[in-house]
Amino acid sequence: MNDLTKEIESIKALQATLQARLDADQEILQQLAKRLWAQQESEKAKLSRELHDGVGQLLTGLTRRLQALSSSSPEIEALHNIAEMALNDVRQLSRLMSPTILDDLGLKPALNWLCRNLLSDEDINYHTDITLPSDLPKDISTLLFRIAQETLVNAIKHSEATDLTLTISYHHHVVRLDILDNGVGFDSKTIEPGIGLSSIRDRAEAFNAMLEIDAAIGKGTRTTVTVPV
């Protein structure tokens, strides 16, 4: 073996070593990101319980007291109605922060509940078609739920859509989430990603998932996430 061949082999070995280190570092970063998201979910669950058991209980007591007094005064009845709305908002926020239905019944019922809660009061017709394995890991379920939640909120705020479809399919150990709306769309080259979109991208990357957002002005938006299981 001549000197040039030895040098080439040495360079190849060094490249292989560096690639192995990069792969190991990437794996470590992904695990750290997963633990970060898990910690955030734990904090959300804690705050959800505090809202429910603290502010929620106080508002419940207030609404009951105002209801008992409401027959004596139109002003008190109006205050009772405001307190009821505040209580409902707190309950809704608590559920969205930590949806127990996701743990109790699984991702499919949780997504149907999410669509119903977010879209029923909007001028948006929606359809869901969800096919999932029965043993989908909890962290993947949470990932897909949070991405769907953020995407639906963005659609409500910005899309002006009248129709929206959410589908999940499962083939060959890969889960695919698609959310398609017929809204105004946007030009991805000129839009600066906000906190919500950045969070979606970070979550997808942590779970080795592929995120694609296909949008064009006047042609709606399709958000697609594929994640290996």
Is L114 close to P99 at the side-chain level, that is, under 4.5 Å between some pair of heavy atoms?
no
Backbone N or O of T60 within a donor-acceptor pair of the T63 side chain at under 3.5 Å?
yes
Here the gap from E122 atom CD to S159 atom OG, rounded to the nearest 0.5 Å, amounts to 9.5 Å
With a 4.5 Å limit on heavy-atom distance, are the side chains of L164 and L152 in contact?
yes
The reported gap from CD in E84 to CG in D89 (rounded to nearest 0.5 angstrom) is 11.5 Å
Transitively linked via ILVMFWY side-chain contacts under 4.5 Å: L166 with V153?
yes
Enter the distance from N154:CG to K157:NZ here, rounded to the nearest 0.5 Å.
7.0 Å
Any chance you could measure L144, atom CG, to L111, atom CG, to the nearest 0.5 Å?
7.5 Å
Is the number of heavy atoms from other residues, nucleotides or ligands within 6.0 Å of CG (D123) greater than 12?
no
According to a hydrophobic-cluster definition based on side-chain heavy atoms being under 4.5 Å apart (Ile, Leu, Val, Met, Phe, Trp, Tyr only), do I76 and M85 belong together?
no
Scanning both residues in full, the closest heavy-atom pair of C115 with T128 reads SG-CG2, 3.8 Å
Under a 4.5 Å cut-off applied to non-hydrogen side-chain atoms, are I156 and L119 in contact?
yes
K138 and D103 ion-paired at < 4.0 Å:
yes
Can you check whether R201 reaches I213 side chain to side chain, under 4.5 Å on heavy atoms?
yes
Got I168 and L107 here, is their nearest side-chain heavy-atom distance under 4.5 Å?
yes
Please round to the nearest 0.5 Å and tell me the distance separating atom CD1 of I147 and atom OG1 of T224.
11.0 Å
Residue pair A83 / L62: nearest heavy atoms and the distance that separates them:
CB-CD2, 4.2 Å
If only atom types and distance count, is the side chain of D178 paired as donor or acceptor with the main-chain N or O of T167 below 3.5 Å?
no
Nearest-0.5 Å distance, OG1 of residue T165 to OH of residue Y126:
12.0 Å
Which atom of I140 lies closest to which atom of P228, heavy atoms considered:
CD1-O, 4.4 Å
Nearest heavy atoms of P137 and V229, plus distance in Å
CD-CG1, 3.7 Å
Under a 4.5 Å side-chain heavy-atom rule over Ile, Leu, Val, Met, Phe, Trp and Tyr, are V174 and F145 clustered together?
no
Smallest heavy-atom separation, T151 atom then T223 atom, equals CG2-OG1, 3.7 Å
Note: T221 and A215 closest approach over all heavy atoms is OG1-CB, 3.7 Å
Got T142 and L102 here, is their nearest side-chain heavy-atom distance under 4.5 Å?
yes
Does atom CG of D121 have more than 12 heavy-atom neighbours from other groups under 6.0 Å away?
no
side-chain contact (heavy atoms from CB on, under 4.5 Å) for V184 and I217? Distances and angles first, verdict last.
CA-CA 6 Å; V184 296; I217 294 176; over 6 Å; no
Quick one: are R146 and E150 in side-chain contact, heavy atoms under 4.5 Å?
no
Testing T131, L143, L132 one by one against V175 for a side-chain contact (heavy atoms from CB on, under 4.5 Å), which residue passes?
L132
Quick check against the 3.5 Å criterion: does D181 have a side-chain atom that pairs as donor or acceptor with the backbone of T162?
no
Verify same cluster id: L177, L180 (apolar side-chain graph, 4.5 Å):
no
In sequence, state the C-alpha distance, the side-chain angles, and the governing distance for Q67 and R64, and then conclude on side-chain hydrogen bond (donor to acceptor under 3.5 Å, both in side chains).
CA-CA 5 Å; Q67 184 178 30; R64 289 176 178 173; over 6 Å; no
ILVMFWY network linking M210 to I179, side-chain heavy atoms under 4.5 angstrom:
no
